[in-house]
Amino acid sequence: MVYMEISLTSLEQAIQTLEQQLDHETELDPQKLNTKYLGKRGLFNELSKQIKDISPKDRKQAGKLLNALKNSLQTKLGNLQLHKAEDWVDLTFPGTLPPQGHLHPVSQAIEEISEIFKKIGFTRARYPEVDWDYYAFGSLNMPPDHPARDEWETFFVDLPADKKMGKIVLTPHTSNGQVREMERLKGKPPIRMINIARCYRRQQDVTHTQMFHQFEGLVVDQGINIQHLKGTLDYFAKEFYGPGTKSRIRPFHFQFTEPSFEVDFSCHLCHGTGLIGGEKCSFCKSGWHEVGGAGMVHPNVLKAGGIDPNKYTGFAFGWGVERTYTLKEGLNIDDIRLLYSEEMRFFEQF
Ligand code: FA5
């Protein structure tokens, strides 16, 4: 066979030239560079074809040289790509925003609830969350040792009782603010209070936590009646849950209101019918969700606050913030304990 023999030396020179060419390369696009040097029809493959023109005795050495060249090209091109990626700044590219936190969903709910009541003239109040038995129970028409205290699964602070005020408790409801608000106004209505605070009870399951929040409304003035209470409930239902929502009151018993009610709001899924496509609504089961209690302020409570029950009447309500909030359309929170977990994937959704 006749062929133009190429010496090992000239192959070495060609290899050196190719390496130098890459060292002084002006092309910037990493992909184009790769194709130019290592592509199917690239410079390396062109050079490798010369191996067939090398004398058989030198071919093994020529193969080694070409392999070393390939490794060197790959390394240099790899480094070049990294380098180019670091250097490359697109000034028109939008910046990366730092991660941003937000208010806890319960704080968001408290803000929204406060705003809704502010629009109809309620003033936000805060009263102690660690308070005397007197404000949590005694002043609310529950004489000492009245068994109704048990209904609230109360945490009692292990300290001696005060003669007049009784023991210290972690307030199990925001109703402790009722007589405190009457005292603040020195027994002189009108009162339109919304008291939002933490409450504590010895309870824990999917709808109960040991620490939770309630919001307590109290209105006292001349001529206040159940219609004012019902109007307020309807107003809140529409503002918080949407225009189609209705409220309902059912007879109940609390020591501090007479008459007393449980308050329900219509379910947003079945619109109060209890049925979806002929089947029982799986969210509410009955068309309604209970959120808390309400009633007309008991005359004994008005008296405890220094208000004349023959002249003034009032209504009060107290609902769980978590309970009220988790019933909002689209939230679908079936375990309120999640609100007090450390599950960031849950909180990032709000
Ligand atoms: C009361 O606490 C009364 N003080 C409400 C009231 C105020 C009635 C003014 C009349 C006038 P009740 O124990 O039902 O009532 O609690 C009211 C609401 O608080 C419940 O419906 C629920 O929404 C919420 N709640 C009670 N316990 C817990 C708990 N452990 N975890 C979360 N929410 C709770």
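Treat the numbers as computed from the prediction; the structure is a model and nothing was measured. Atoms within a ligand are numbered from 1 in the order they appear, just like the ligands themselves.
Taking the six-membered ring for Trp and the full ring otherwise, F283 and H268 have centroids separated by under 6.0 Å.
Classification of D131 and R180 as a salt-bridged pair holds, one side-chain N sitting under 4.0 Å from a carboxylate O. In summary, E112 and K328 engage in a salt bridge, as defined by a charged side-chain N under 4.0 Å from a carboxylate O.
Within the 4.5 Å cutoff, no side-chain heavy atoms of F347 are placed close to those of L338.
Ligand 1 lies under 4.0 Å from heavy atoms of W152, H173, S175, Q178, R201, Q203, T207, H208, T209, F212, Q214, E216, F254, F256, T257, E290, V291, G292, G293, A294, A316, F317, G318, G320, R323, I336.
The side chain to side chain donor-acceptor pair (under 3.5 Å) test applied to E25 returns K36, Y37, not counting sequence neighbours.
A continuous path of hydrophobic side-chain contacts links V130 to L140 [ILVMFWY only; heavy atoms under 4.5 Å].
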